[in-house]
Amino acid sequence: MTIISDDENFKQNNKKNPVVKSESIEYDRTFENSIRPKTFENYVGQTELKETLKISIEAAKKRETNLDHMLFYGPPGLGKTTLAGVVAEQMGAELKITSAPALERPRDIIGILMSLKGGEILFIDEIHRLNKVTEEILYPAMEDFYLDMTTGKSQSVKTMRLPLPKFTLIGATTKAGELSGPLRDRFGIIHRLEFYNFEELSQVIKRTADILNIKITDEGAEVIAKCSRGTPRIANRLVKRVSDFAIVKYDGIITDEVAKDSLKALKIDEYGLDSTDRALLKMIVEKYDGGPVGINTLAAALGEDIRTLEDVCEPYLLQIGLLQRTPQGRKISPEGYRHLGIKDFSAQRNLFED
Ligand code: ADP
């Protein structure tokens, strides 16, 4: 696996998460890379998607050709990058990783495309953030495997067609809706990654504990799974944090008691919400009468990055039903009021308003 170019995105997605506040992001990424599953067997869950991919891989191998271009979408941390790695491993192909914000100038993408060898896999993260020029360079490259290069100026301008080796592009995005139609249409396989259930997260947690060489009970894994927001990345970070507690404050085994105490100390509640999620819900209740309120207003009022709210906080709050999205903005649900331990006065208010 080659990481061609880095971007600020990873940092953006992680800087507000209190679970990683105490350690450097670089260290966290090293940890993340060290535990990435490399085979379908170790890649937990996403069963349907794995079956579809296995068939595509088998077919490509039999035909001795490259795999179709693929688009994986879903919230951060659900395993899009990891899956691209598994696909590359199964194809016996090199994986080159980059991200859309790092492909600013035409020469960035041209350089990468020209360095590709036949069958190689190019992974572009946050692909909805590609600029127009880069996107247009990609169209013929994806469709017919050539690069249109222009040289010279005004009247002496010449167009050259450079053939490219047959490669596979895997795009990942948290916002499939923001991809342009022409780009989306060039992906043969489009898949949404789902949040993981508690059982799947427990498997991820036990595997990571094993790699970290720390003992964990079934109950301990279950407690962490319930607080992991359906997301393996969060599950892994929590195992790491809880294992620190287990080693320093207890006898080195993650039991349900140890897990509960550690998560409490990390200010993670039983739904897996952290201080940012709770601040968001509280803000809607206390300042905006329970909503609806626009996400831009909320981001400004909380002093939070809008992308963190949209990509990290919101999908899970919507999924577990604490938050509702309406055309007028975000609203807290009756379940959201209950979770905060605040009585919902909105029904009485509506009665008076009527
Ligand atoms: P994304 O690209 O969707 O943001 P990643 O692929 O970087 O997410 O996954 C984040 C972390 O979660 C990785 O370190 C990986 O080890 C773990 N992970 C993700 N999906 C799975 C899975 N299905 N099984 C086991 N671990 C997973």
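Both ligands and their constituent atoms are indexed starting at 1 by order of listing. Remember, it's a predicted structure, so these values are computed and weren't measured experimentally. No hydrogens, no waters, no symmetry mates; every other heavy atom, side chains included, goes into these values.
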Review point. Name the one of Ile268, Leu201, Ile205, Thr208 that satisfies side-chain contact (heavy atoms from CB on, under 4.5 Å) with Leu238?
Key: Ile268

Practice item. Please work out whether the ring planes of Phe195 and Tyr316 are parallel, tilted or perpendicular, with thresholds of 30° and 60°. Key: perpendicular

**Study point:** Protein heavy-atom partner closest to atom 8 (O) of ligand 1 - residue, atom, separation in Å
**Key:** Gly79 N, 3.2 Å

Review point. Can a donor-acceptor pair be found between the side chains of His69 and Thr168 at a distance below 3.5 Å?
Key: no

Review point. Should Lys206 and Asp218 count as an ion pair when the cut-off is N to O under 4.0 Å?
Key: yes

Exercise for review: May I ask you to list the atoms of ligand 1 that are less than 4.0 angstrom from any heavy atom of Pro232?
Suggested key: 12 (O), 17 (C), 18 (N), 19 (C), 20 (N), 21 (C), 27 (C)

Check your understanding: Which protein non-hydrogen atom lies closest to atom 2 (O) of ligand 1, naming both residue and atom, and how far is it?
Key -> Thr81 OG1, 2.5 Å

Exercise for review: Flag Leu83 as yes when one of its N or O atoms lies below 3.5 Å from any N or O atom of ligand 1, and as no otherwise.
Suggested key: no

Review point. Under the salt bridge (charged side-chain N to carboxylate O under 4.0 Å, His left out) test, which residues partner Arg186, sequence neighbours left out?
Key: Glu143

Review point. Considering residues, nucleotides and ligands other than Lys175, do more than 12 of their heavy atoms fall under 6.0 Å from its NZ?
Key: yes

**Study point:** Lys/Arg-Asp/Glu bridge criterion (N-O < 4.0 Å) met for Arg307, Glu310
**Key:** no

**Study point:** With Glu135 via side-chain hydrogen bond (donor to acceptor under 3.5 Å, both in side chains) - residues at least two apart
**Key:** Tyr139, Ser180

Practice item. Mark the output for Arg36 as yes if a heavy-atom distance to ligand 1 is under 4.0 Å, and as no if none is. Key: yes

Review point. Counting heavy atoms only, which part of Tyr196 comes closer than 4.0 Å to ligand 1: side chain, backbone, both or neither?
Key: side chain

Review point. Do any nitrogen or oxygen atoms of Leu78 lie less than 3.5 angstrom from nitrogen or oxygen atoms of ligand 1?
Key: yes

Practice item. Consider every N or O of Thr82 and every N or O of ligand 1, then say whether any pair is closer than 3.5 Å. Key: yes

Point to revise | Pro37 neighbourhood, listing ligand 1 atoms whose heavy-atom distance to it stays under 4.0 Å | key: 16 (O), 24 (N), 25 (C), 26 (N)

Practice item. Please determine if Val44 has a nitrogen or oxygen closer than 3.5 Å to a nitrogen or oxygen of ligand 1. Key: yes

Point to revise | Side-chain H-bond candidate by donor/acceptor type, Glu257 with Tyr250, under 3.5 Å | key: no

**Study point:** Option of least heavy-atom distance to atom 1 (P) of ligand 1 (set: Ala235, Gly77, Ala84)
**Key:** Gly77

**Study point:** Pro76 neighbourhood, listing ligand 1 atoms whose heavy-atom distance to it stays under 4.0 Å
**Key:** 4 (O)

**Study point:** Within-shell test, Gly45 vs ligand 1, heavy atom, strictly < 4.0 Å
**Key:** no

Check your understanding: Think Lys50 forms a cation-pi with Tyr43, using NZ or CZ under 6.0 Å from the six-ring centre and within 45 degrees of its axis?
Key -> no

Exercise for review: Just go through Glu32, Arg233, Lys38 and tell me whose heavy atom is the nearest to atom 14 (O) of ligand 1.
Suggested key: Glu32

Check your understanding: For ligand 1, which part of Asn236 has a heavy atom less than 4.0 Å away: the side chain, the backbone, both, or neither?
Key -> side chain

